[in-house]
Every structure is written in structure tokens, then in C-alpha cells.
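The block underneath contains the structure these notes are about, expressed in C-alpha cells.
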Amino acid sequence: MARKKISLIGGGQIGGVLAQLIAQKQLGDVVMYDVVEDLPQGKTLDIAEAARVDGFDSSVKGTNDYKDIKGSDLVIVTAGLPRKPGMSRDDLLVTNAKIMKVVAENVKQFAPNAIVIIISNPLDAMVTLFKKVSGFPENRVMGQAGILDSSRFATFIAWELGVSVKDVNALVLGGHGDTMVPIIRYANVNGIPVMELLERKYNDKTKASEVMKAMVERTKAAGGEVVKLLKTGSAFYSPAASAIAMAKSILFDEKRVLPISALLNGEFGITGYYVGVPAVLGANGVEKVVEFKLDAEEQALLDSSAKAVKDLVSDMERLGF
Ligand code: APR
């Protein structure tokens, strides 16, 4: 069976880690596209030259020509600029929307059957725009955000409780911004509620709630925490790893239930917007949004997160996209 073809649109920080992980995990052959001349060629040459050491057979190639993404099974988009000092949110939105429009037109032309994962920020707007411009069906266009936000939440819980993060399940819903909604009620360690473990640890309900609240706030601000430390650029290892989990579930039809940005049609009371929810990812892309009952407080938080996504999308429409 021929190897799957995976195209990366954007060969910056995240694009580079994606290419290396795809090769190391032998998920398929990689084509990395970037507008910057020689950058994707240089990066992929560097990665390809590790093949002997890492022991992979995947081909990893760079290009400045969209024709080379022809026939891709999967496309992962990280093209876009990070915010620079003095730039408003609208400026970033305009800059990246212009880029995303061109990306979507080209993916539509050269890889019309691909499943597409968007990572570029502002995520909820970018995935919406890609869907609109490409006209691809909703099962084939999704955004990466929730897996990373959930992984961050799980990591903080594991550190707090001194347990393996592999045993922590923690879910974050909503838009990929300050309004995201970590679901405390279902956070668990191998099925045991995290809140019960915190209450036992501190023998004090109030203290346990405060500790959880701090972890929730850290999760919401986790992207910014990394940006502040890095000084130039934003997180790239963890966003790449998160998109790889999505890619793997799709390419190998694993049907994992992963939190992703999916177009909702009434699930969780939201219609017509991309919002972070758990979904089954398989060979057909987003195969099913997994709905479950939220309590009143969780639903109110999700509603306000959806409202933030709606505002972002209407800003984008007001700006002509
Ligand atoms: N087409 C393709 N690639 C482009 C275009 C374009 N029109 N414009 C810019 N790029 C490329 C840049 O040349 C750069 O190599 O996109 C790449 C972005 O890489 P980085 O600036 O290193 O950003 P990265 O850390 O990879 O993040 C990419 O994902 O998480 C989000 O906020 C993040 O929007 C950002 C995106």
C-alpha cells in the first residue's frame, strides 16, 4: 500500500516539528509548503538527513509551489504570522485571514479530497474561513486546539497530584481563547474524580477548590505563559504533538475521541459555529461529535465561549472575509 501523503502548509516552528514527528512515526510522506524561498527545502533536507539515524523511510520534501501538494490525503495548516508589538487583534485577523484565504483556494484546487487540520490562529476564525473558502464538507475541516488545552490541564493535574499524566483524563471545551472551558466535574485519575483526590490531599474542601481554580486559570492562560517565556514566537512542540494525535487517528481510522474544533449543528445548543468539543476522528475525518449533558454552570461558560467565537467570526466578516 502506498504511503499516505501529508502536506504541511507553513514551514515555521510548528511545521518543522510536525514534519519530524510524521517521519519518525512513519505516518506518511511529507510535503512542506512555505512562501519563504528555500526555507521548507532547507528544513526538510535537515529532517530527511536524520532518516538513517531515526530509521524512517518516509520522504520529506519542501516546496514553494502548491502543485506539489497534489493528491494529499491530509493537509495541516500552520501558515500565518504571530502577533507583533503594536498589532491589534484586528490587524492579526486581517493578516492571517488574507493568508488563510489563499491557502484554502490552493488546497481546494490541488488537494480537493484532503482532510484538513487548521492550527493557525486565531483558530476559531481561521478554521471557519478555510471551510467557507474551500467549500469542503464539515467532516473534512477541523481545528486543533482542544487536545492541547486538555493536555495542558491534564499535565497541571498530574503535577499537583504527583501521578503519571498517562492516568489523567481532563477535557477542555469551547473556543481556543481566554473563554475556554475546562470541565472540572469529569477530570479524573483512572476514573477517580480529581476533586475527591484534591480534597483528600488537603483535607479541606475550600483549599481543594482553590487549587483546582488555579489549575483552570493556568490552563486558560497556558499559551500566553509559554509566549512570555519564549519572548519570540509561541508554543510549537505541544501544538504539533496535538495535531499528530489527530492525524494518527484519521490516518489509521483509530476512532479516538479527541477534543477538536468542529462545526456544530445543534450539539451543545450551538449551531453554525466551530467550537471545541469531543469528536470521533477516523478515516472520514470528524465522524461524530460526542455530545454529553453539561450542568447549568458549564453550559453557561460554553455559551459565553461560543459567543466569543461568534464575535470573532463577525469581526472577520466585517473586515470583508
Ligand atoms: N503561505 C504559506 N505559509 C506562510 C504564508 C503563506 N501565505 N505566510 C506565512 N507563512 C509561513 C511563514 O513563512 C512561517 O514559516 O507560516 C509559517 C509560520 O511559522 P511561525 O511563524 O514559526 O509560527 P508557528 O509557531 O509555526 O505557528 C503557526 O500556529 O499556533 C498557531 O499562533 C500560531 O498562527 C500561528 C501558527
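Ligands are counted one by one from 1 in listed order, and the atoms in each one are counted from 1 as well.
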Atom 13 (O) of ligand 1 sits nearest the protein heavy atom Asp34 OD1, 2.7 Å
If the contact criterion is a heavy-atom separation under 4.0 Å, does Pro239 count as touching ligand 1?
no
In terms of ring plane angle, is the pair Phe110 and Tyr66 parallel, tilted or perpendicular, where the classes change at 30° and 60°?
-> parallel
Atom 36 (C) of ligand 1 has as its nearest protein heavy atom Thr78 O, 3.4 Å
Contacts of Ala145 meeting side chain to side chain contact (heavy atoms under 4.5 Å, CB included) (sequence neighbours excluded), chain-then-number -> Leu123, Asp149, His176
When Ser72, Ser7, Ser58 are each screened for side-chain contact (heavy atoms from CB on, under 4.5 Å) with Asp29, the one that passes is Ser58
Rounding to 0.5 Å, atoms CE (Met142) and NZ (Lys131) come to a distance of 12.0 Å
If you scan protein heavy atoms around atom 35 (C) of ligand 1, the nearest is Asn121 N, 4.1 Å
So for Val36 against ligand 1, with non-hydrogen atoms under 4.0 Å, the contacting part is side chain
* Asked: Ignoring hydrogens and geometry, is there a side-chain-to-backbone donor-acceptor pair from Glu267 to Asn265 under 3.5 Å?
  -> yes
Ligand 1 atoms nearer than 4.0 angstrom to some heavy atom of Tyr33 are 1 (N), 2 (C)
Legend entry - Distance under 6.0 Å and angle within 45° of ring axis: Lys207 vs Tyr202: yes
Looking only at protein heavy atoms, what sits closest to atom 19 (O) of ligand 1 is Gly12 CA, 3.2 Å
For atom 3 (N) of ligand 1, the closest protein heavy atom turns out to be Ala79 CB, 3.4 Å
Can you list the steps and then say if Arg318 with Asp315 is a salt bridge (Lys or Arg N to Asp or Glu O under 4.0 Å)? CA-CA 5 Å; Arg318 177 175 52 79; Asp315 277 357; 3.2 Å; yes
Pairs of donor and acceptor atoms involving the side chains of residues 244-251, under 3.5 Å and at least two apart or interchain, shall be tabulated with distances.
| unit_1 | atom_1 | unit_2 | atom_2 | d |
| --- | --- | --- | --- | --- |
| Lys248 | NZ | Glu254 | OE2 | 3.1 |
| Ser249 | OG | Arg256 | N | 3.1 |
| Ser249 | OG | Leu281 | O | 2.7 |

Is it true that Leu39 lies under 4.0 Å from ligand 1, counting heavy atoms only? yes
_Ile14, any N or O under 3.5 Å of ligand 1 N or O_ = yes
- Within the side chain of Gln20, is there an N or O that forms a donor-acceptor pair under 3.5 Å with the backbone of Ile47? no
of all protein heavy atoms, closest to atom 23 (O) of ligand 1 is Gln13 N, 4.5 Å
Query raised in the report: Is the number of heavy atoms from other residues, nucleotides or ligands under 6.0 Å of Lys101 NZ greater than 12?
Result: no
At under 4.0 Å between heavy atoms, what of Val102 touches ligand 1? The answer is neither
Out of Gly80, Pro40, Gly10, the nearest non-hydrogen contact to atom 18 (C) of ligand 1 is supplied by Gly80
of all protein heavy atoms, closest to atom 21 (O) of ligand 1 is Pro82 CD, 3.8 Å
- contact_flag Ser120 ligand 1 heavy-atom lt 4.0 Å: yes
For atom 7 (N) of ligand 1, the closest protein heavy atom turns out to be Ile99 CG2, 3.4 Å
